[in-house]
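Encoded as structure tokens, the structure appears first; notes follow it.
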Amino acid sequence: MLTIDLNSDLGEGFGDYRCGDDAAMLEVVTSANVACGLHAGDPEIMARAFAIARERGVAVGAHPGYPDLYGFGRRVMPFTPAEVERLVAYQVGAAQALAAYAGHRVTYVKAHGALANLAAAERDVADAIARAVKAVDPGLSLLAIALTAQVPAGEAVGLDVHQEIFADRGYTEAGHLIPRGQPGAMVVDEDAAADRVLAMVQEGAIIAASGRRLATPIRSVCVHGDSAHAVATARAVRARLEGAGVRLAPFRAAA
């Protein structure tokens with residue numbers, strides 16, 4: 001039986017501002033990537049997300065990004081790899097502390113937004129993220145964008161690496177995410193997203209917008225939590241996978 005993880009980026013509000021429906025999403029996903037306070041999130045939001053995840057048996061990971069609240073971490077910022085390394089270490093530590101406070105445990109790290117996209121393409125940035133994770137806690141896993149520089153970077157430092165695909169994003173011929181704002185970047189129909197995810201999981205391949213298949217291990221599927229259709233997409237993806245006999249479970253549960 002195939003086993004797959006379903007993850008979402010959560011805890012991405014700030015103060016009185018809310019982004020997405022974390023409580024609803026935590027009823028669907030098996031892993032939650034929690035923002036660490038720089039691109040979004042704050043101690044109250046983080047602690048609440050970790051506590052709900054613990055109650056519902058959802059695994060949790062740190063979701064570090066650029067210090068860019070105004071741009072939601074989706075703009076590249078001029079940090080050196082060494083500075084990126086310290087930014088990631090700082091955020092992973094914050095996530096571990098708030099998770100422990102809530103009675104839960106962070107088991108993995110997944111980079112956010114522009115930082116993740118840059119690390120997908122540039123090995124020195126991917127290496128910086130991997131070094132930071134290992135330095136803070138070598139027992140943490142790395143959730144990496146499939147077929148990108150993040151994978152060999154994590155493997156090179158001995159991290160446990162798991163590859164993810166995206167339910168709500170389109171792919172280029174090279175297997176990279178179509179940049180936001182370009183045609184085909186977002187998959188907004190939940191049934192179409194669910195059908196495509198099932199096909200990718202069953203075939204073990206990314207399916208580009210053209211239909212081209214690019215073989216890859218797939219251990220997790222991401223549904224972004226900040227869109228209006230996020231919960232409906234996650235529910236549709238879960239139902240389609242389970243209906244096809246795929247088991248849903250965290251790729252790295254807390255002991």
Does some side-chain heavy atom of [Y] sit less than 4.5 Å from a side-chain heavy atom of [X]?
X	Y	value
L26	L10	yes
V84	T80	no
H39	P67	no

Using the rule that Ile, Leu, Val, Met, Phe, Trp and Tyr join whenever any side-chain heavy atoms are under 4.5 Å apart, tell me whether [X] and [Y] fall into a single cluster.
X	Y	result
Y171	V201	yes
V125	L159	yes
M25	V60	no
Y108	V133	no
L140	V88	yes

Do you know the tightest heavy-atom contact between [X] and [Y]?
X	Y	value
A144	V161	CB-CG1, 4.0 Å
L115	P64	CD2-O, 4.0 Å
A32	V58	N-CG1, 3.8 Å
A59	R252	CB-O, 3.5 Å
I207	A199	CD1-CB, 3.7 Å
I145	A120	CD1-CB, 4.4 Å

Strictly distance-based, threshold 3.5 Å: is any side-chain N or O of [X] a donor or acceptor partner for the main-chain N or O of [Y]?
X	Y	value
T216	A205	no
R213	I206	no
E190	A236	no
Q91	L87	yes
T172	L177	no
D42	G15	yes
R169	V187	no
Q163	S220	no
R212	E173	yes
K110	N33	no

*Pairs satisfying salt bridge (Lys or Arg N to Asp or Glu O under 4.0 Å), at least one member in residues 115-131, at least two apart*: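 Counting only pairs at least two positions apart or across chains, the salt bridge (Lys or Arg N to Asp or Glu O under 4.0 Å) contacts touching residues 115-131 are E85-R131, R123-D127.
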From [X] [atom1] over to [Y] [atom2], what is the distance, rounded to the nearest 0.5 angstrom?
X	Y	atom1	atom2	answer
H63	L38	NE2	CG	12.0 Å
R196	D191	CZ	CG	13.5 Å
M200	L214	CE	CG	11.0 Å
T30	I4	OG1	CD1	9.0 Å
L6	L248	CG	CG	6.0 Å
D22	I45	CG	CD1	8.0 Å

*Check: F50 ring centre within less than 6.0 Å of H104 ring centre*: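 Ring centroids of F50 and H104 are no less than 6.0 Å from each other.
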*For the residue pair H112 and Y66, is the inter-centroid distance of their aromatic rings smaller than 6.0 Å?*
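No - the distance between ring centres of H112 and Y66 does not fall below the 6.0 Å cut-off.
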_Verdict with supporting geometry, V221 and N7, side-chain contact (heavy atoms from CB on, under 4.5 Å)_ = CA-CA 6 Å; V221 177; N7 80 79; 5.8 Å; no
_Test log, rule side-chain contact (heavy atoms from CB on, under 4.5 Å), inputs E164 and R219_ = CA-CA 6 Å; E164 71 168 346; R219 189 63 188 85; over 6 Å; no
*asked:* Quick one, C36 with Y90, criterion side-chain contact (heavy atoms from CB on, under 4.5 Å). Give me CA distance, side-chain angles, the key distance, then yes/no.
replied: CA-CA 9 Å; C36 304; Y90 174 87; over 6 Å; no
*In the hydrophobic clustering that connects Ile, Leu, Val, Met, Phe, Trp and Tyr at side-chain heavy-atom distances below 4.5 Å, which members other than F14 occupy its cluster, ordered by chain and number?*
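Same cluster as F14: L69.
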*asked:* Can you tell whether the side chains of D226 and R74 come within less than 4.0 Å, N to carboxylate O?
replied: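 Salt bridge flag = yes for R74 with D226.
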_Donor-acceptor side-chain pairing of S31 and D5 below 3.5 angstrom_ =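 A pair is found: one side chain offers a donor N or O, the other an acceptor, under 3.5 Å apart.
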*asked:* I'd like to know whether V28 forms a side-chain contact (heavy atoms from CB on, under 4.5 Å) with V223, so could you lay out the CA-CA distance, the side-chain angles of the two residues, the decisive distance to 0.1 Å, and finally the verdict.
replied: CA-CA 11 Å; V28 184; V223 176; over 6 Å; no
*When you look at CZ of F79, are more than 12 heavy atoms from neighbouring residues, nucleotides or ligands closer to it than 6.0 Å?*
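Count over threshold, so yes.
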*Is it the case that more than 12 heavy atoms not belonging to E44 sit under 6.0 Å from its CD atom?*
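Counting other residues, nucleotides and ligands, CD of E44 stays at 12 neighbours or fewer.
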*Tell me, with the steps shown, if H224 and D168 meet side-chain hydrogen bond (donor to acceptor under 3.5 Å, both in side chains).*
CA-CA 7 Å; H224 288 94; D168 50 9; 3.1 Å; yes
*For a side-chain contact (heavy atoms from CB on, under 4.5 Å) with R235, tell me which candidate from T233, V237, V231 qualifies.*
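Considering T233, V237, V231, a side-chain contact (heavy atoms from CB on, under 4.5 Å) with R235 is found only for V231.
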